[in-house]
Amino acid sequence: MFKARFSALSILDSCFYRFSTACSKSLNQYFLADGTVLVMDNAFNVPRSILSKIGKQLHTRNDHPLGIIRNRIEAYFAKSRFLDQGSYFFKCYDNLSPIVSIVDNFDNLCFPSNHPGRSPTDTYYINSNHVLRTHTTAHDVSLMSSQSFIHNGKFITIGDVYRRDEIDSVHYPVFHQVEGVCLFSRPELSFLDKKYEKISSIKVSNIQPEHINNQRNVELVVTDMKREIEGLMKNLFGHDILFEWIPGEFPFTSPSYELEIILNGKRLEVCGCGVLKNSILEKAYGKYHDSSIAWAFGFGLERLAMVLFDIPDIRYFWSEDSRFISQFSENANNNFDDFKPIKFVPLSKYPPNIRDLSFWLSGNAKALDFDHNTVYEIIREEASDLVESAAIVSI
Ligand code: PHE
């Protein structure tokens, strides 16, 4: 056991060594496949295997399970929602660079300076000012401040996020998140009041000081957020799903929640969410924004896709093996209303490899005397169970 650990560490060491030497040769610059130039400094701690994942954009591949689930989520949020005087939908951003400033990833989101998430043991640093985003929340403030004329405070962001993490079947240092933000202006809040007047609003605690006189509005926003998220989960998994909302804690929301779903008796934590802190809206819109209130959520795509398609290991999502991707191609063209997720069929860990073998039968032998089973036996003896199937092509 100890030996195994030791050898894994020494492999990592040597990777870092080889990589840092390679970097210093090129003036601390590294070119990503999409042409982005990274200027590194001593804070740089991203191994090559992680850099190679940047730009893969698995969530934009229509035949990939992550792309299939993403398309469904996007379609759900693209539908119009009505508020007395008009309607809105969520604008989708799926192509934002995963390299973000520490201001966007942490400072703007009220992460305290000693928050463990900032540590280079948890986060990949490109240089002392830039990281590989650890969550899609990193775009909330900049999208609100620069793009509100397009999305009016209602958008989803989908992308790859990076966290240094343990090794097992449900953790991988790169995964994909969907972020949702929905900002209600003051007039919209009064429309919400009408929309939910028949629904007894839920009681909320941990209301921010700025909202203390607006408790009803916070309740409406939380009600709306929970309905949107539950609606999405039902859309993905059907109506036999149970929800449990648990108090959560994030530096940028208050109140905060986590959602667990219970599906076929199994419990799964799927999402973090809450009411964005007023100080975050101030960063985006200035100090005197019009008392708008926004909800936000974030969840991992892999977790949902693993349940939806019965995929047992998160590493499959990075497989280039056509036997993996081709299993889901029919779902790629499914109409959203009659979507039946294809269940993953395990595949051999060995790469596909087709071999033809030919030989001559001696001059007098009749083809019919040829003993197939003897040939199969020879193959089985030599290659044991590695041979998946053998067939006579022609005689
Ligand atoms: N960014 C959080 C995470 O990655 C999720 C989240 C998003 C929580 C938005 C609240 C609001 O865990």
Side-chain angles (χ1 to χ4, degrees), residues 59 73 77 90 92-93 96 98 100-112 115-119 122-124 131-144 151 153-166 170-184 204-208 211 218 221-230 232-233 243 245-261 268-281 283-284 292-304 314:
H59 59 287
I73 293 171
F77 283 108
F90 291 79
C92 176
Y93 294 88
L96 302 170
V100 298
S101 68
I102 53 173
V103 173
D104 283 337
N105 200 79
F106 298 122
D107 301 347
N108 273 347
L109 299 173
C110 314
F111 279 72
H115 192 283
R118 291 180 182 259
S119 161
D122 286 27
T123 295
Y124 291 114
V131 294
L132 294 180
R133 65 185 163 206
T134 61
H135 53 176
T136 38
T137 314
H139 301 289
D140 285 6
V141 170
S142 63
L143 282 178
M144 282 193 281
H151 55 61
K154 296 159 181 78
F155 56 90
I156 60 171
T157 313
I158 309 180
D160 37 337
V161 300
Y162 297 76
R163 293 184 195 173
R164 300 183 76 192
D165 221 333
E166 52 204 276
V170 289
H171 291 96
Y172 201 64
V174 194
F175 61 100
H176 295 76
Q177 275 192 336
V178 180
E179 181 88 7
V181 172
C182 190
L183 176 103
F184 294 102
V204 289
S205 46
N206 289 335
I207 293 188
Q208 301 165 40
H211 296 157
V218 177
V221 168
V222 171
T223 304
D224 187 71
M225 174 183 79
K226 291 187 173 180
R227 297 188 106 221
E228 287 287 6
I229 298 172
E230 290 185 3
L232 171 68
M233 294 299 153
F243 301 103
W245 290 95
I246 297 162
E249 210 174 313
F250 301 101
F252 37 92
T253 48
S254 188
S256 307
Y257 304 89
E258 281 175 16
L259 172 63
E260 288 188 359
I261 56 173
L268 182 75
E269 194 188 305
V270 287
C271 149
C273 58
V275 176
L276 278 182
K277 284 196 176 155
N278 195 58
S279 57
I280 290 168
L281 298 188
K283 293 228 164 68
S292 333
I293 303 183
W295 57 247
F297 68 72
F299 54 77
L301 277 187
E302 276 82 348
R303 275 202 177 184
L304 299 181
I314 194 167

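If you read the sequence from its start, that first residue is 1, and numbering goes on from there. Atoms within a ligand are numbered from 1 in the order they appear, just like the ligands themselves.
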> Do the side chain of R133 and the main chain of D160 share a donor and acceptor less than 3.5 angstrom apart?
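Yes.
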
> Which of the numbered atoms in ligand 1 are under 4.0 angstrom from any heavy atom belonging to E179?
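The list of qualifying atoms is 7 (C), 9 (C).
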
> Applying side chain to side chain donor-acceptor pair (under 3.5 Å), can you list everything that pairs with E269, at least two apart in sequence or on another chain?
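With neighbours one apart ignored, the set is empty.
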
> Without swapping roles, check the side chain of T134 against the backbone of R163 for a donor-acceptor pair under 3.5 Å.
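Here the side-chain-to-backbone pair does not exist.
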
> Distance under 4.0 Å to a non-hydrogen atom of A296: what atoms of ligand 1 satisfy this?
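Once the distances to A296 are compared, the set is 9 (C), 11 (C).
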
> Run the contact test for R163 against ligand 1 with a 4.0 Å cut-off on heavy atoms, strictly below, and give the result.
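It does; at least one heavy atom falls under 4.0 Å.
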
> Would you please determine whether F252 falls within less than 4.0 Å of ligand 1 on a heavy-atom basis?
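Judged by the 4.0 Å heavy-atom criterion, F252 does count as contacting ligand 1.
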
> Check this for me - ligand 1, Q177, N or O atoms closer than 3.5 angstrom, yes or no?
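Q177 vs ligand 1: N/O contact under 3.5 Å present.
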
> Quick one: nearest non-hydrogen protein atom to atom 7 (C) of ligand 1, plus distance?
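Checking every protein heavy atom, the shortest distance to atom 7 (C) of ligand 1 gives G298 N, 3.3 Å.
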
> Please examine the side chains of S256 and N206, heavy atoms only from C-beta on, and report whether any two atoms are closer than 4.5 Å.
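Not touching, per the 4.5 Å side-chain cut-off.
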
> Out of curiosity, L276 CG to Q208 CD, how far, rounded to the nearest 0.5 Å?
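Answer for the CG-CD pair, L276 versus Q208, is 8.5 Å.
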
> Considering only non-hydrogen protein atoms, determine which one is nearest to atom 6 (C) of ligand 1 and report residue, atom name and distance to 0.1 Å.
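For atom 6 (C) of ligand 1, the nearest protein heavy atom comes out as G272 O, 3.6 Å.
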
> Distance under 4.0 Å to a non-hydrogen atom of F250: what atoms of ligand 1 satisfy this?
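Going through ligand 1 atom by atom, the ones under 4.0 Å from F250 are 8 (C), 10 (C), 12 (O).
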
> Is a side-chain donor or acceptor of H151 paired with a backbone partner of L143 at a separation under 3.5 angstrom?
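Side chain of H151 to backbone of L143, a donor-acceptor pair under 3.5 Å: yes, one is there.
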
> Between D104 and K283, is the closest basic N to carboxylate O distance under 4.0 Å?
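Salt bridge flag = no for D104 with K283.
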
> Could you say whether the N/O atoms of T137 and ligand 1 ever approach to under 3.5 Å?
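Indeed, backbone or side chain, T137 has an N or O that close.
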
> Between T134 and ligand 1, is there a nitrogen or oxygen pair with a distance under 3.5 Å?
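No; every N/O pair is 3.5 Å or more apart.
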
> So if I count the atoms of ligand 1 from 1 in the order they appear, which ones are less than 4.0 Å from some heavy atom of H135?
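Answer for ligand 1: 1 (N), 4 (O).
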
> Roughly how far, to the nearest 0.5 Å, is CD of Q177 from OG1 of T157?
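Rounded to the nearest 0.5 Å, the OG1-CD separation comes to 10.0 Å.
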
